[in-house]
Number of protein chains: 4
Amino acid sequence: MDNWREFGTDELTPPLRAALGVFARHGYHGASIRTIAEAAGLSVPGLYHHYRSKQAILAALVDAAMAEMLTHTAAAAEDAGDSPATRFANIVECLARFHMARRDHAFVASTEMRSMDPDVRAHHISQRDAQQTMIEDAIRAGVDAGDFTCRHPEDAARAIASLCVSIASWYRPGGPLTADDVVARHLGYARAMVGATEA
Amino acid sequence: MDNWREFGTDELTPPLRAALGVFARHGYHGASIRTIAEAAGLSVPGLYHHYRSKQAILAALVDAAMAEMLTHTAAAAEDAGDSPATRFANIVECLARFHMARRDHAFVASTEMRSMDPDVRAHHISQRDAQQTMIEDAIRAGVDAGDFTCRHPEDAARAIASLCVSIASWYRPGGPLTADDVVARHLGYARAMVGATEA
Amino acid sequence: MDNWREFGTDELTPPLRAALGVFARHGYHGASIRTIAEAAGLSVPGLYHHYRSKQAILAALVDAAMAEMLTHTAAAAEDAGDSPATRFANIVECLARFHMARRDHAFVASTEMRSMDPDVRAHHISQRDAQQTMIEDAIRAGVDAGDFTCRHPEDAARAIASLCVSIASWYRPGGPLTADDVVARHLGYARAMVGATEA
Amino acid sequence: MDNWREFGTDELTPPLRAALGVFARHGYHGASIRTIAEAAGLSVPGLYHHYRSKQAILAALVDAAMAEMLTHTAAAAEDAGDSPATRFANIVECLARFHMARRDHAFVASTEMRSMDPDVRAHHISQRDAQQTMIEDAIRAGVDAGDFTCRHPEDAARAIASLCVSIASWYRPGGPLTADDVVARHLGYARAMVGATEA
DNA sequence: GATGAATGAGTCTTCATTCAT
DNA sequence: TATGAATGAAGACTCATTCAT
């Protein structure tokens, strides 16, 4: 991972990128294979040549998004060295940046859980839980180090994750707030939520 | 409003309640009129007798949910008298309770924005904005009164609203946390986010 | 049963009768729902209003055919009184007449076994076996009575049934042979096959 | 023809053999080129390299089957020398053996007539008629020689052919009856049907 | 109000077939 | 020959909606 703060072009295949846009705009059930194929510049069977089913597209999409999120946040955590407070801050910053850079990915992943087949959903949940556990561990470490006063790390981790996820549903690049603004404010919220003693 | 902390049975008509469950489980586009009619114990034309279209059902549903939320939070605000801190706390508590008592309502309203016809969506957004403005105003009043140190009331209001909305997607009655637990913790998060100066 | 020798108009519903023709001409897999609906004078969903699936159509069709065959042959057997030879002859005659009057029914039923879902197939086989057992019992009775010399009643019953079934694939009303011709000849074959001792 | 009683491995090309199995199990329209290619261990265009179309596969298959049947029965007839009764018996035996040794071939050929393109069907029918004529001629010769008393040789030929064909739909090697059993019984039926005067 | 019957347009998916490599 | 990629047409089936009764 060169730089966990950077999110360049995602590595989705063209059909997946097309599907992502359509899913984001219309939802899984509101998106037709025809529309997706058109958006991808493919015929319908051409799309099926690459993906077995609509559900397989969703699965590939969600997995790619979650995997990228996990890789980046893991790098962010790693990058913090031994300081729990920095580790926590890096993770939150990374999450916030991810949800701005990958708005649609995050939105679709969190919104279409109910449209996933059981095994796809299970996989997604395990990835989401891994993410949440990373935050939780960082909070616990901070509490142990005396940096945070948080009483319910698990609950706080979920709340902070939710907060970052929700960025995806309102943030627009070029809007009134820059990405750095959003990061700064959410770092502030997150630190406050875990009762950070410094600052 | 007798007691804004209480949310009894909602006042949805039976067909609307049935539709709510189906929308929550499958999404608007994933729900068929047939399934809704069945869940409502009506024939398909019977359902159409009550509502002009699937979209009208969604509109009625979302409006009822948002109206109830607004009525309750307004009562909660009113109930606080002159204290900005209490007003803020009451609103947050009310929001949290609403999103636990009306999980499906809140979830469908926030999740199906993209499925709403333009005018329905506009109406929904105006209700949501009214809600957010209430929080924002309370924060500003608290800042003016010296109770909060928040620098970006609008942003904080959105964050706090998002946090409360997200409760609906994980809270389950009978789960490990009681409603009072959830309220207490979220009050804590919300106060921390606006930099409440008192304990 | 008024007269087991008579086969009037079958009692298939119009959609079933339409489907029968299409199945007979193109086979189950070669028949499209569209074609069936068109033949029935219905729209596609109109057809689905009456039958849940293509398979359900096949099932209803085959069951109706087999049931009619069983009812008629049972009446034919009944009609013979105590004479085993007459009972045998009546059954064979009835079978032959059925396969001329209900050519398509019989052809589809016997030809599309591989296209039937397991439970549909099981039901069909049980009906076919019941038919075969009727013949077998008649042969055994004839042997016991000294009318027949047949050594393998089960095998003979199957052969005779097959012979009657095959009539459906070549007989055409208005062709060179009358139904009575066909009956007479097949009665001859069947008697010969069981070693009938009388003339 | 070394020995018309023996049917070793058929001489189908591997793709044809694969197609035969698939056609037998699912029918022509129920079989997809993809399934056939897979069963043949070929890619789809690989299969098309060998056969121009699905229909060409069916045509080649059916022709091979019918040709083998004709060659064998001709040899069986030839082998009988001057005795009409023996000639008849040899043909019947050969037909019975063919329908046991080449179950799928015979089943597909007789069952998929309706799926054949007109010229393919015409060719198949001419082969089938040639077969029937062989039997018919044998019967006539037997009648002329005073061996048989059959009154309708053409009809009897068709019935006997049908009876042999039907063996393919129930006989299983390793089942309760050996091939020799089946031959013996069907020789008995056939002789009875033509009114053979000797034992 | 409820019901049985109906439908045009759409759903996801697969078909047989082709072509550049 | 084999392969990966592609496609127009069609497959079975369901959609939201309507209407006579």
Side-chain angles (χ1 to χ4, degrees), chain A residues 13-15 19 26 28-38 40-58 115, chain B residues 15 19 26 28-38 40-58 115, chain C residues 13-15 19 26 28-38 40-58 115, chain D residues 14-15 19 26 28-37 40-58 115:
Chain A
T13 64
H26 303 288
Y28 179 77
H29 287 295
S32 89
I33 282 282
R34 251 180 188 60
T35 313
I36 296 172
E38 246 161 63
L42 288 172
S43 66
V44 169
L47 180 58
Y48 272 93
H49 180 74
H50 296 286
Y51 296 93
R52 252 176 31 268
S53 66
K54 196 181 171 186
Q55 182 68 211
I57 295 176
L58 179 62
S115 308
Chain B
H26 303 289
Y28 179 76
H29 287 295
S32 90
I33 283 280
R34 244 170 186 82
T35 313
I36 297 171
E38 217 164 283
L42 263 64
S43 66
V44 168
L47 180 58
Y48 272 94
H49 178 78
H50 295 288
Y51 296 93
R52 270 188 5 273
S53 67
K54 195 182 171 186
Q55 182 67 209
I57 295 177
L58 179 62
S115 308
Chain C
T13 64
H26 303 288
Y28 179 77
H29 287 295
S32 89
I33 281 283
R34 250 177 187 67
T35 313
I36 297 172
E38 244 160 66
L42 288 171
S43 65
V44 169
L47 180 57
Y48 273 95
H49 180 74
H50 296 287
Y51 295 92
R52 252 174 33 268
S53 65
K54 195 181 171 186
Q55 182 69 210
I57 295 176
L58 179 61
S115 308
Chain D
H26 303 288
Y28 179 76
H29 287 296
S32 89
I33 282 280
R34 246 172 185 79
T35 313
I36 297 172
L42 263 67
S43 65
V44 168
L47 181 57
Y48 272 93
H49 178 77
H50 295 288
Y51 296 92
R52 267 184 12 271
S53 67
K54 195 181 170 187
Q55 183 68 211
I57 294 175
L58 179 62
S115 308

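Given the structure is predicted, the values throughout are model-derived calculations rather than measurements. Here is how names work: the chains are called A, B, and so on, in the same order as the sequence lines, proteins then strands, and each is numbered from 1.
Within 6.0 Å of the CD atom in D/Gln55, the count of heavy atoms belonging to other residues, nucleotides or ligands exceeds 12.
Using C1' as the reference atom, E/dG1 and F/dT21 are 13 Å apart when rounded to the nearest Å.
Closest approach of D/Arg52 and D/Ala56 over heavy atoms only: N-CB, 4.1 Å. The two residues D/Lys54 and D/His29 have their closest heavy-atom pair at NZ-CA, 4.0 Å. Counting all heavy atoms, side chain and backbone alike, B/Ile33 lies closest to B/Leu47 at O-CD2, 4.0 Å. When all heavy atoms are compared, the tightest approach of C/Tyr48 to C/Ser53 is CE2-CA, 3.9 Å.
When rounded to the nearest whole Å, the span between OH of A/Tyr28 and P of E/dT11 equals 14 Å. Separating the NE2 atom of B/His29 from the C1' atom of F/dC15 is a distance of 12 Å, rounded to the nearest angstrom. The nearest whole Å value for the distance from the OH atom in D/Tyr51 to the P atom in E/dT18 is 17 Å. Atom CG in A/Leu42 sits roughly 15 Å away from atom C1' in F/dG8 (whole-Å rounding). Going from atom CD1 of B/Ile36 over to atom P of F/dT17 covers 10 Å, rounded to whole Å. Following rounding to the nearest Å, A/Tyr48 (OH) and F/dA6 (P) show an atom-to-atom distance of 16 Å. Here F/dC15 presents its P atom at 11 Å from NE2 of B/His26, a figure rounded to the nearest Å. A/Leu47 places its CG atom 14 Å from the P atom of E/dT11, with the value rounded to the nearest Å.
A sub-4.0 Å separation between OP1 or OP2 of E/dA6 and a side-chain N or O of C/His49 is absent. Taking side-chain N and O atoms only, A/Ser32 has a distance below 4.0 Å to OP1 or OP2 of E/dT11.
Within the nucleic acid shown, B/Ala56 has no heavy atom closer than 4.0 Å to any nucleic acid atom. Backbone-only engagement by C/Ile33 is indicated by non-hydrogen atom pairs under 4.0 Å involving sugar-phosphate atoms exclusively. Using a 4.0 Å heavy-atom criterion, one finds that A/Ala31 contacts the sugar-phosphate atoms exclusively. Using a 4.0 Å heavy-atom cutoff across all strands shown, B/Ser43 reaches at least one base atom of the nucleic acid.
Along DNA chain F, the nucleotide nearest to A/His50 and the one nearest to B/Arg34 differ in position, and the one closer to the 5' end is contacted by A/His50. Ranked by how close their nearest DNA chain F nucleotide is to the 5' end, B/Lys54 and C/Val44 are led by C/Val44.
Base pairing analysis places F/dG8 opposite E/dC15; the two distances defining the Watson-Crick or G-U wobble pair are each below 3.5 Å. Across all strands shown, F/dA20 pairs with E/dT3; the Watson-Crick or G-U wobble distances both stay below 3.5 Å.
Nearest nucleotide to the B/Pro45 side chain, out of E/dG8, F/dG8, E/dT3: E/dT3.
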